[in-house]
2 protein chains.
Amino acid sequence: MRESLAIRFSAGGETAVQRRYEILAQELRGLILSGELKVGDPLPAERDLVEITGLGRGSVREAIRILEIEGLLSPKKPGRKGVSVVQNASDQTVQRQLELFIGGDSVSNDHLLQARMVIEPALARIACDMRTDDDIEAMRAINARIEAIGNADRGALVQLNLDWHSQMFAASHNDLLVAIAIGLTETQHRAGVMGQYGSQEHVRLMVEAHGKILESIIARDGERAYRRTYLHLRGYADTLAKKNPREFDLTPLNPR
Amino acid sequence: MRESLAIRFSAGGETAVQRRYEILAQELRGLILSGELKVGDPLPAERDLVEITGLGRGSVREAIRILEIEGLLSPKKPGRKGVSVVQNASDQTVQRQLELFIGGDSVSNDHLLQARMVIEPALARIACDMRTDDDIEAMRAINARIEAIGNADRGALVQLNLDWHSQMFAASHNDLLVAIAIGLTETQHRAGVMGQYGSQEHVRLMVEAHGKILESIIARDGERAYRRTYLHLRGYADTLAKKNPREFDLTPLNPR
DNA sequence: CTCGATTAATTGGTATGACCAATGAAACGG
DNA sequence: CCGTTTCATTGGTCATACCAATTAATCGAG
């Protein structure tokens, strides 16, 4: 009944069929990115979209699902007002994708470390200019809790360490870099590559390192904060290096 | 007939229902990330998964679609051997998500510039250590083509400029940082924020800047490559700043 | 027997129709 | 006027059916 809508496009030498739900997803994405659909605008109900597009409900649902995973549409809720709503892709979608990418075996641990050594010291430096007093207080509070629990609870220690770093990143007030940095840091910590640290001595050193970084940020001494953060990371990297040999030299990232 | 499988979990104070396709997606994702399903392993056919899981075909398809968007499953093809295959999430999924995040209005152009100024000079420095002769040759070739076409074709100029930067990033041989850097650079260039550059003089300056960066990388002079790349970016930023006032100072990223 | 052409089986893509559960609005009753 | 009940809306899910593409199996000619 319906003439062939088969649209073909060349992609990498191959010829792929453009599936209907893909087309619809593209169109909706275009409407959102071009601003014709603004953040907060509700999408028509699934059954309305079926009428509008002439597609089946399954195809409509798959198209919506795609944009939902990309972060451009809110998850739906059943009920009378449960339609999808246009939203901005969140920092969390960036983190998720970074974690999935790094989690695969395309990225070596050394490359991940190298990336962290590029970004995290720079964030510390930026934080020196942009921090507020609240940022300082938050960082201080987390470090105090780390000192308090010591190595009693391994899981809590990992989480608090993550929290401290996230809070330091947040003090830069650059949401883009923060999202990237958290994605990198979380992946490495969750990977359990750092199951070794947890002795009382390790915790003491960690608290001390955090303290020195915090001091520098309070003093708004960018160079010092950069250096302290770099050394903190390198200490961590060196601990790892005792177990596995390095693939390549990480050190060119050292400032000055 | 089927007892309620409704699983609830608290998320941010709210209580959300876990939908069936979400559960299946989670399970499959878990199998992949834990390594029980390895890269290259084919998934059972949709109808087989229907039998295995007891779900409807629509739910199975939505679950698969989610993992496909996340990059963990290959797109399917019709035909007898068209089943999904497990794969690593690619750098492209990272780029896509960065572009979607930045494309929304959560990230200001100044924050994007700041992020680039953190990452790109660092990549130039790393490239000094890791580059091969092929990298050098590729960069030289692209720059030559830029010089050749001049400002004749605006679109081609933008693309070639992107290519040059991508090639420079690639010379670092850190796929993670490369994916991030390309995501940032592409977004800014595609956003058309740089429609202004295109005069013959601009092109000449661009070629010159690229040339100086390349020289430094050839000489393996990391500090110099870092500095040149930083200045190249700052020149671009200053051009933009003439049109729109800065939100904040970008300069703390200057090395030394 | 070998190889090319034809046929059949497999698999994803899509549509239709139906029913449930949750939600919120409207109608109702005190 | 307010609380309760009813009901329409909407997403979630399943079952079934058919098409199109692709590959495997079969068959036939030489």
Side-chain angles (χ1 to χ4, degrees), chain A residues 1-11 14-28 41-69 73-87, chain B residues 1-11 14-28 41-69 73-87:
Chain A
M1 212 57 20
R2 176 183 285 110
E3 70 273 58
S4 170
L5 283 182
I7 300 175
R8 289 165 178 281
F9 66 99
S10 78
E14 276 188 25
T15 299
V17 183
Q18 190 84 321
R19 286 149 287 185
R20 299 201 176 178
Y21 63 84
E22 270 185 343
I23 298 177
L24 178 54
Q26 267 183 10
E27 282 181 8
L28 290 176
D41 286 352
L43 225 57
E46 282 179 10
R47 290 168 177 83
D48 292 339
L49 273 175
V50 168
E51 272 201 10
I52 296 172
T53 62
L55 302 186
R57 203 173 153 208
S59 298
V60 168
R61 281 179 62 83
E62 291 197 45
I64 292 177
R65 187 101 307 120
I66 291 176
L67 297 193
E68 197 181 307
I69 298 302
L73 289 179
S74 70
K76 315 192 211 195
K77 294 180 292 187
R80 199 155 180 165
K81 246 185 49 180
V83 292
S84 293
V85 173
V86 177
Q87 61 183 13
Chain B
M1 210 60 19
R2 176 184 286 108
E3 70 273 57
S4 170
L5 283 182
I7 300 175
R8 289 163 178 282
F9 66 99
S10 77
E14 275 186 25
T15 298
V17 183
Q18 190 84 321
R19 285 147 286 184
R20 302 202 176 182
Y21 62 84
E22 270 185 343
I23 297 176
L24 177 54
Q26 267 182 11
E27 283 181 7
L28 290 176
D41 286 353
L43 226 56
E46 282 180 9
R47 289 167 177 84
D48 292 339
L49 273 175
V50 168
E51 271 199 13
I52 297 172
T53 62
L55 303 186
R57 201 170 157 210
S59 297
V60 168
R61 281 180 62 83
E62 291 198 46
I64 292 178
R65 188 100 308 119
I66 290 176
L67 298 193
E68 196 181 307
I69 298 301
L73 289 180
S74 70
K76 314 192 210 194
K77 295 179 292 187
R80 202 158 178 165
K81 247 185 47 178
V83 293
S84 294
V85 173
V86 177
Q87 60 182 13

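Convention: sequence-line order gives letters A, B, ...; per-chain numbering from 1.
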| query | Is A:V50 touching bases, backbone alone, or none of the nucleic acid, heavy atoms closer than 4.0 Å? | reply | nothing
| query | With a 4.0 Å cut-off on heavy atoms, is B:G58 in touch with a base, just the backbone sugar-phosphate, or nothing at all? | reply | nothing
| request: Sort and list the pairs that fulfil salt bridge (Lys or Arg N to Asp or Glu O under 4.0 Å) and have at least one residue in residues 42-57 of chain B, not counting sequence neighbours. | output: B:E46-B:R57, B:E46-B:R61, B:E46-B:K76
| query | Side chains of A:V85 and A:L73: closer than 4.5 Å at any heavy-atom pair? | reply | no
Whole-Å distance between [N] [atom2] and [X] [atom1]?
X     : N      : atom1 : atom2 : value
B:R61 : C:dT11 : CZ    : P     : 14 Å
B:K76 : D:dT22 : NZ    : C1'   : 15 Å
A:L49 : D:dT9  : CG    : P     : 17 Å
A:E51 : C:dA15 : CD    : P     : 14 Å
A:E46 : D:dG12 : CD    : P     : 6 Å
A:R19 : C:dG13 : CZ    : C1'   : 9 Å
B:Y21 : D:dT13 : OH    : C1'   : 11 Å

| remark: One should read off an interatomic distance between B:I23 CD1 and B:L28 CG, to the nearest 0.5 angstrom, of 12.0 Å
Where the side chain of [X] is concerned, which of [options] is the nearest nucleotide?
X     : options                : value
A:L55 : C:dA15, C:dG12, D:dC14 : C:dA15
B:S59 : C:dT14, D:dC14, D:dG11 : D:dC14
B:V83 : C:dG12, D:dG12, C:dA15 : C:dG12

Scan nucleotides 6-8 of chain C against the protein and return all N/O pairs shorter than 3.5 Å with their distances rounded to 0.1 Å.
none

| task | Using the closest heavy atom to pick a nucleotide of DNA chain C for each, name whichever of A:K81 or A:G56 lands nearer the 5' end. | result | A:G56
Protein-nucleotides 16-20 of chain D N/O pairs closer than 3.5 Å?
residue	atom	partner	partner atom	Å
D:dA17	N6	B:R57	NH1	3.4

| request: Run the salt-bridge test on B:E62 and B:R65 with the 4.0 Å N-O cut-off and return the result as yes or no. | output: no
